[in-house]
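I have placed the structure first, in the form of structure tokens, so that the comments after it can refer back to it.
Atoms considered below: every heavy atom in the structure, side chains included; atoms not considered: hydrogens, waters and symmetry mates. Letters A, B, ... are given to chains in the order of the sequence lines, protein chains preceding strands, and every chain is numbered from 1. The shown structure was predicted, so the numbers you read here are calculated from the model rather than taken from an experiment.
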Amino acid sequence: MDLRSFNAPQREAILHGEGPLLVLAGAGSGKTRVIVHRIEYLVRERGIPASSILGITFTNKAAGEMRERLEKLLGNEPPLVSTFHSFCARTLRQEITLIGYSRNFTIFDDDDVVGLVKVVMRELNLDPTKFKPKSISNFIDNCKNKGLWPDQVVPENWYQEILVRAYRSYQEKLKLLNSLDFGDLINSTVKIFSEHPGVLARYQEHYQWFLVDEFQDTNTTQYRLIRQLAGSRLNLQATGDFNQTIYSFRGSCLSNIINMGKDFPGLRTIKLEENYRCTKQILKAANAIISHNSQNLAMALWTKNAEGKRIICATMENELDEGQFIAETIENNRLSGKKYSDHAVLYRVNALSRSIEEAFLKRGIHYIVIGGFRFFDRKEIKDCLSYMRSIVNPADDMALRRILNVPSRGIGDTTLAKLEKVAGERKVSLWEVMRALDFSGLSASVKDKIRSFIQLVDTLIELHNTQNLSTLLKEIMSLSGYMAALVTEGSDKALNRVDNLDELLSVVTEFESTREVPTAEAFIDYAALMSSLDISAGCRDCVTLMTIHAAKGLEFPQVFLIGCEEKLFPHERCMGSQADIDEERRLMYVASTRAKERLILTTAEIRRIAGTVANRKPSRFLAEIPDDCKDEVWWVEEGLVSYR
DNA sequence: AGCAACCGTGTTTTT
DNA sequence: CACGGTTGCT
């Protein structure tokens, strides 16, 4: 192996053999390269079978990219690289019967979770004006991030007592519906491993080397899981950066890294502090910003790169000018040979993309928006997937409720409410109630409609057993009458939905040709676990628009960070405590270090937010950039940039 | 049961 | 402003 292109600490990390390793890798320090080449080293030089290595990344997209690089390096049998959630889903498909679920479980998305919370609230007679479904689901999610099952949560007050009660019913209901939410994927796997040492031993035998990327973003249960798997071999490489902890709202906790030495005795720590990405100016600004954090876990990032240009802090009158300014700057850059794809526009909240999109549309600038709405979140896609879910797992009430009357077949809300009431009393799924239909209160005609719906699902289940996935999907669309209903409606909207369903069909066909086992179960997992960040739409040369969170791990020559205003960044919901502000500042740090050559920060004096215009104040973070590495600029409508 | 019109509400970030 | 949820009408 030729390691001449690596610096000393990088080489040290790559050549690390057995035992725990913590790589504190600053932004742009080449950490992914280190992970990939350490795997190469383990396989090539130490003769470790690739199949015993497990790589964990933060997104499916990152996993895919790493897999690709490994394939190039190691040939056609690369190690498994996946996210925590994908790995757990895969494990549970094998082992879940150990905790009383069956293998055909479904994974709930956010909407399903909130929907189920609402059902639970109805059953518990919780006043919806006093308790918001979303805050209950948040509470449940927080508990799960900490690895707490309902019985392990100690309520601190009367309010929390009710929340815990809701959590308990919710969890019972989930089991009844043979379904899992995101948190369950991790927690149930941990539970199986701790209750069944034999099973854990099997996995420990299979996987003996672990490399976890973005370790600072792991939460308590994910940490527990990796500790279980690493067992006594402790062959764990954790890679992370304190200063890029931006997911604590999802339960990630720094103490995982800080306490690692206790759980992993003999831990070797290596710092990667040389940055290969940014100019000196950008790095200087980023370092200055992060040095304002109270808990300063300073990494002294440095670079041999060029000095570079100063950072531009541009003030606009409003968000329209902001869009125009960015559009014009990009067009100017193109005249000097830059491509659209050399540019990214970052923002704190998704809503800010709109004004930029409008400006780009007006000028024909090619762009792609990452995040926001997923393909799999479109109504028609979710409907079809819900048919698939009901076929695989008829107990999945949330899927069933979705399709019961879509297209409309005369089984409306009142009928559903009656069915739901019986299901609640008997503690069974809706499907069971509908199948039995052994209670009074429904008219004969409604009963007939329910029976024919059940027959439809039964027919589809039969097809699922005998046909391949794409055939099944086609039959779902036609036998359910879904496609026909859209065609009959004939509106632009409906025809657009038809197009999207065609698209779904090609996604499924693609899935069939690339997967070893293209079952409906596998496709449902794929749809549930694919995030909006994972879909890399085929836009050859275009500007990328996304949130700062979505930009983590990426880099662009030219980066615009828009909406640098108090209450927007830092966000008003994140200004409550010092810890909140610190996290916002880390976000600012992440945003700044995405830029290779040029960083442009924009502020509007007036901005329209949620329909009302408001005066804005420049973000405090702008003032934290040293004067000698920024140019403060004022932009006026004529397109002139004048210096203050 | 299904549609249209209304109101009020509220917008972080996401596996 | 835009969506969700509710109401009231057919």
Side-chain angles (χ1 to χ4, degrees), chain A residues 56-63 82-89 107-111 113-115 118 128-129 132-135 137-138 141 144-145 180-187 213-214 217-219 221-222 225 244-252 346-355 370-374 376-377 379 404-417 443 445-446 449 489 525 527-534 546-552 563 567-576 580 583-584 586-588 590-591 607-613:
Chain A
I56 299 281
T57 56
F58 194 61
T59 62
N60 292 293
K61 190 174 162 216
S82 102
T83 62
F84 274 111
H85 292 86
S86 300
F87 174 78
C88 289
I107 301 170
F108 274 13
D109 68 19
D110 239 32
D111 288 347
V113 167
V114 173
K118 284 180 186 164
T129 57
K132 285 187 203 136
K134 218 166 181 186
S135 60
S137 75
N138 268 342
D141 196 46
K144 291 189 173 184
N145 284 335
L180 284 81
D181 59 23
F182 276 103
D184 281 356
L185 289 174
I186 317 287
N187 283 333
D213 199 5
E214 309 286 9
D217 289 323
T218 48
N219 63 31
T221 57
Q222 292 165 340
L225 178 72
Q244 295 190 64
T245 307
I246 56 174
Y247 280 99
S248 43
F249 67 91
R250 221 174 61 189
S252 78
L346 308 184
Y347 33 80
R348 176 68 237 265
V349 294
N350 278 307
L352 286 191
S353 72
R354 272 184 102 118
S355 55
I370 308 282
F373 256 68
R374 294 192 321 156
F376 289 118
D377 282 338
K379 181 186 181 300
L404 190 55
N405 204 29
V406 177
S408 102
R409 40 175 82 87
I411 311 173
D413 288 345
T414 37
T415 308
L416 177 61
S443 69
S445 77
V446 167
K449 286 169 185 165
E489 192 188 325
D525 287 354
L529 297 172
M530 259 308 152
S531 80
S532 49
L533 308 183
D534 293 325
M546 61 188 155
T547 63
I548 304 167
H549 284 88
K552 190 158 79 154
K567 292 185 173 178
L568 198 50
F569 193 25
H571 196 275
E572 57 185 335
R573 307 261 289 225
C574 305
M575 299 171 70
D580 285 344
E583 176 135 333
E584 294 291 291
R586 287 193 293 269
L587 259 181
M588 182 69 188
V590 169
R607 186 183 296 273
R608 195 179 194 99
I609 288 178
T612 46
V613 287

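- Nearest heavy atom pair, residue A/K144 against residue A/D181, reads NZ-OD2, 2.6 Å.
- At least one side-chain nitrogen or oxygen of A/T547 sits closer than 4.0 Å to the OP1 or OP2 atom of B/dT14.
- A straight line from CG of A/D217 to P of B/dT13 spans 17 Å, rounded to a whole angstrom.
- Distance, A/D110 CG to B/dT15 P: 10 Å, rounded to whole Å.
- Of the candidates C/dC1, B/dG10, B/dT15, the closest approach to any side-chain atom of A/T59 belongs to B/dT15.
- Look at CD on A/E572: it is 13 Å from P on B/dT13, rounded to the nearest Å.
- Comparing the same atom, P, in B/dT13 and in C/dG4 gives a spacing of 15 Å after rounding to whole Å.
- For A/A550, taking side-chain heavy atoms from C-beta onward, the closest of the listed nucleotides B/dT14, C/dG5, B/dT15 is B/dT14.
- A/K132 comes within 4.0 angstrom of sugar-phosphate atoms only, judged by non-hydrogen atoms across all strands, and of no base.
- Both A/H85 and A/R409 lie close to DNA chain B; mapped to their nearest nucleotides by heavy-atom distance, the more 5′-ward contact belongs to A/R409.
- Under the stacking criterion of a centre-to-centre distance below 5.5 angstrom and an interplanar angle below 30°, A/F84 is not stacked against the six-membered ring of B/dT15.
- At B/dG2, one or more side-chain N or O atoms of A/N405 fall inside 4.0 Å of OP1 or OP2 (strictly under the cut-off).
- Atom-to-atom, NZ of A/K567 to P of B/dG10 comes out at 17 Å; the value is rounded to the nearest Å.
- Comparing A/E584 and A/G410, the nucleotide of DNA chain B nearest to each residue sits closer to the 5' end for A/G410.
- The side chain of A/N219 contributes no N or O atom lying less than 4.0 Å from OP1 or OP2 of B/dT15.
- The phosphate of C/dA2 has OP1 or OP2 within less than 4.0 Å of a side-chain N or O from A/R354.
- Looking at A/N60, its side chain does come within 3.5 Å of a backbone N or O of A/L529 through a donor-acceptor pair.
- The main-chain N or O of A/F87 is found under 3.5 Å from a side-chain atom of A/S82 such that the two form a donor-acceptor pair.
- Considering only side-chain N and O atoms, A/N350 lies under 4.0 angstrom from the phosphate OP1 or OP2 of B/dT13.
- Rounding to whole angstrom units, CG of residue A/L529 and P of B/dT15 are separated by 10 Å.
- Where stacking is scored as ring centres under 5.5 Å apart with planes under 30°, A/Y247 does not register as stacked on the base of B/dT13.
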In residues 404-413 of chain A, what donor-acceptor pairs under 3.5 Å come from side-chain atoms, sequence neighbours left out?
from, atom 1, to, atom 2, distance (Å)
A/N405, OD1, A/R409, N, 2.8
A/N405, OD1, A/G410, N, 3.2
A/N405, OD1, A/I411, N, 3.2
A/N405, ND2, A/I411, O, 3.3
A/R409, NH1, A/I403, O, 2.7
A/R409, NH1, A/L404, O, 2.9
A/R409, NH2, A/Y387, OH, 2.9
A/R409, NH2, A/S480, O, 3.4

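- Between A/S86 and B/dT15 there is no side-chain polar atom (N or O) within less than 4.0 angstrom of OP1 or OP2.
- One atom, CG of A/D377, and another, P of B/dT15, lie 11 Å apart when rounded to the nearest Å.
- Using bins of under 30°, 30° to 60° and over 60° for the plane-to-plane angle, the ring pair A/F58/A/Y247 lands in the tilted bin.
- Here the shortest heavy-atom pairing between A/F569 and A/G563 reads CB-O, 3.8 Å.
- Put simply, the side chain of A/I56 does not reach to within 4.5 Å of the side chain of A/T83, judged on heavy atoms.
- In this entry the distance linking CZ of A/R586 with C1' of B/dT13 reads 13 Å, nearest Å.
- Side-chain N/O atoms of A/R573 and base N/O atoms of B/dT12 include no donor-acceptor pair closer than 3.5 Å.
- The side chain of A/C574 approaches B/dT12 more closely than any other nucleotide in the set B/dT14, B/dT12, B/dT15.
- Considering only side-chain N and O atoms, A/R250 lies nowhere under 4.0 angstrom from the phosphate OP1 or OP2 of B/dT15.
- Applying the 4.0 Å criterion to OP1 and OP2 of B/dT14, one finds that A/K552 has every side-chain N and O outside that range.
- If you take CG of A/L416 and P of B/dG2, they are 12 Å apart, rounded to a whole angstrom.
- Residue contacts for A/S408: at a heavy-atom cut-off of 4.0 Å it reaches the sugar-phosphate backbone alone, with no base atom in range.
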